[in-house]
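These notes are about the structure you will find just below.
Whatever order the structure lists them in is the order used to number ligands and atoms, beginning at 1.
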Amino acid sequence: MSDKIAYARHGDIAVLTVKNPPVNALSQAVRQGLWDGINKAEADTGVRAVLIVGEGRAFFAGADIKEFGKPPLDPHLPDLIRRIEASPLIVVASMHGVSLGGGLEVALGCHYRIAVPSARVGLPEVHLGLIPGAGGTQRLPRLAGVDAALDVMTTGRQIGAAQAHDLGIIDVIKDGDPAENGLAYARELLDAGATRRAVSELPLPAPIDWDATFGATLARSKGQISPAWCVRAIEAAYAGDFDAGMKAERKIFFDLMQTDQRKGMIHAFFSERAVGNLPELKGVAPREVSRIGVIGGGTMGAGIATAALLSGLNVHLLEMSPEAGEAARGRIESNLSGALRRGKISPDQHSKILGDALQVVTDYDALAEADLVIEAVFEDMAVKKVVFAELDRVCKPGAVLASNTSYLDINEIAATTSRPGDVLGLHFFSPAHVMKLLEVVVADATAPDVAATGFALGKALGKTSVRAGVCDGFIGNRILSTYRTCADHMILDGASPYQIDAALEAFGFAMGPFAVADLAGLDIGWAVRKRKRAEGIDPRARDAAYADKLCEDGHFGQKTGKGYYDYAAGPKARVPNPDVMPLIEAERAAQGITPRDFDDEEIVRRYMASMVNEAAKVVGEGIARRPLDVDMTLLFGYGFPRYRGGPLKWADIVGLDGLLSDIKGYAEADPYFWAPAPLLEKLVAEGRTFDDLNKEEG
Ligand code: CAA
């Protein structure tokens, strides 16, 4: 028998203990071991019941995702579950930790299910671009009803033991050791004369309007197809017997396995875990951080302070005057009330945070004992240098000094201190207590344990942290600046901001670039453009000044009620601002441009080509260590559709040679903007992909 399953006999009960750390994924060896274990128990004279229990953190985290995309190996999971369900012995599942995907499906194939109160179950396959593929779509509706089953499957969310019990998924909840609980429960069942039972033999619940539900689910999923296919898989249960339903589920599962969405989502799954796993930081211990300082209590500083407070850190927030300090406290209180309303913290935690964890101060000396200080003041190099000189003066030796700058040169900031090794960038995204992305900007002199501290802080704050090198805009804003420029060029040439937003939202972006700009504040881009103009813009670059005119007229987007859109009817109204097109038309006329038509396909192709080209430069220059670092930056900070995996995974999927020839074609009209990235040319010449680079770095 496979060494992944231990077989033991306790009187007339056989125990199959799963040993496949860290999370008992159902790899081929585990499936084979369970199959053999059931055979062995049935052949073992005197055995009347079988207990399946997981060792370590979980019952089962589901199918082994590493096997996806490879030829399926015997025994297949649906066959194994059918085999378990068909056993004449009583089969009991004792669940703890998570039972997800194929893991829950194994439990549903067992005859009885007991779980500890902290157990969680779910069918998260939609997050991998799939549907449950081992009977989940056929068994769960029979047990919990169609609506509940659809909710679990289409959201992929985990539910707790109590709710699972209410839905009939768990028979008994009992605290204690899962193996001991399972044995006691199996004994109880045998003593009570309980008999084998099977979920697949339960009658089907009342059907629903399948077409309407399919359509509504598709519309809700923003381009992702797998949630809607859960509906079709359940519907199939009604067309024939259980086996026919299983066949239909299997076909949909394998069809989805072939899709680009599945590839994109599995890339996202593994990259999300690899992104904080940097070879250069292996074995480097972070510095201790329990008390942090935040300088500046505007939207960003207050958001950073909120994130830190929510994760249990003590915060000293520095403002320039008691009035500004009060305003900052107000912003933090309002953020915390939101967290309280959404159930993220208890009323008790809320008052504790506001009671002692937050101190608003006006004197730098109050930061003397901080372990880490994050500066979130006005985006101006001279101002930042003054702040860092003060920090250098007051902070204790070994304190980590961080700047939240979005664009400015951390090397230059670090050089103004006597301790450049302690300085790094921690670039949060607004609102900082909500957005998941944190760019950890490692400057030339940043000490390895300071970089490690940035990642440790990100983890403590529940962020997805990405390592970035120093350049204008780091990874995310540098790429944003390029694709936004591409959008401006298309506008000059004839597209409208509204058509571009619509085309990109249809591609899957959470919001188009102009709606995003309105949300972030048009003054931010304006300040960057002014700075770049002051530094000197290359004469070969095309300029689009119409956006400046909007700002000059006082329109900064949502916060002033008008930007590209008019928000008089509310932030979601998205009514085009009638002032915008005349500004664009005037600029086209001033530049002597005759506008032409763009179709949505060309908009997406150009926009994505510019994004991939800049991303390839960012990787080629070492600003991002790996393509996956770019992918996760765009996914977690810029609304890139998860089901496309990230811009560089998307590029691999559509083909790098086609993209490069598009770029070269566009370069004929504008060779400056469309200069191909050397890394992209190299990969095409060598017939390799960005993902090959991820594997090399692995
Ligand atoms: N297959 C293979 N590896 C898996 C895995 C799986 N199903 N689930 C987790 N892992 C790996 C992770 O990649 C990670 O590996 P590294 O340490 O090498 O990075 C390790 O296990 C630990 O995972 P996390 O870091 O995510 O640990 P966590 O405690 O934060 O979360 C978890 C644990 C909740 C199980 C989370 O990993 C998770 O959600 N896993 C995916 C669950 C899932 O999607 N299951 C459905 C699979 S599809 C299926 O089952 C199809 C079917 O119907 C047949």
Which pairs pass ring pair (Phe, Tyr, Trp, His ring centres under 6.0 Å) with one or both residues in residues 54-82, sequence neighbours excluded? none
Minimum heavy-atom distance Glu85-Leu108, with the two atoms named: OE2-O, 4.3 Å
Do Tyr638 and Phe429 have ring centres separated by under 6.0 Å? yes
Could you work out, with salt bridge (Lys or Arg N to Asp or Glu O under 4.0 Å) as the rule, every residue matching Arg57, not counting sequence neighbours? none
Validation row: Val23, Val98 side chains within 4.5 angstrom (heavy atoms): no
Please list all pairs meeting ring pair (Phe, Tyr, Trp, His ring centres under 6.0 Å) that have one or both residues in residues 231-276, counting only residues at least two apart or in different chains. Trp210-Tyr238
Put together the list of close N/O pairs, under 3.5 Å, between ligand 1 and the protein, could you?
from: ligand 1; atom 1: 1 (N); to: Ala63; atom 2: O; distance (Å): 3.4
from: ligand 1; atom 1: 1 (N); to: Ile65; atom 2: N; distance (Å): 2.9
from: ligand 1; atom 1: 7 (N); to: Ala63; atom 2: O; distance (Å): 2.8
from: ligand 1; atom 1: 26 (O); to: Arg273; atom 2: NE; distance (Å): 2.7
from: ligand 1; atom 1: 26 (O); to: Arg273; atom 2: NH2; distance (Å): 3.0
from: ligand 1; atom 1: 27 (O); to: Arg57; atom 2: NH2; distance (Å): 3.0
from: ligand 1; atom 1: 29 (O); to: Arg57; atom 2: NH2; distance (Å): 2.3
from: ligand 1; atom 1: 45 (N); to: Ala61; atom 2: O; distance (Å): 2.8
from: ligand 1; atom 1: 50 (O); to: Ala63; atom 2: N; distance (Å): 2.9
from: ligand 1; atom 1: 50 (O); to: Gly102; atom 2: N; distance (Å): 2.7
from: ligand 1; atom 1: 53 (O); to: Glu105; atom 2: OE1; distance (Å): 2.7
from: ligand 1; atom 1: 53 (O); to: Glu125; atom 2: OE2; distance (Å): 2.8
from: ligand 1; atom 1: 53 (O); to: Gly133; atom 2: N; distance (Å): 3.0

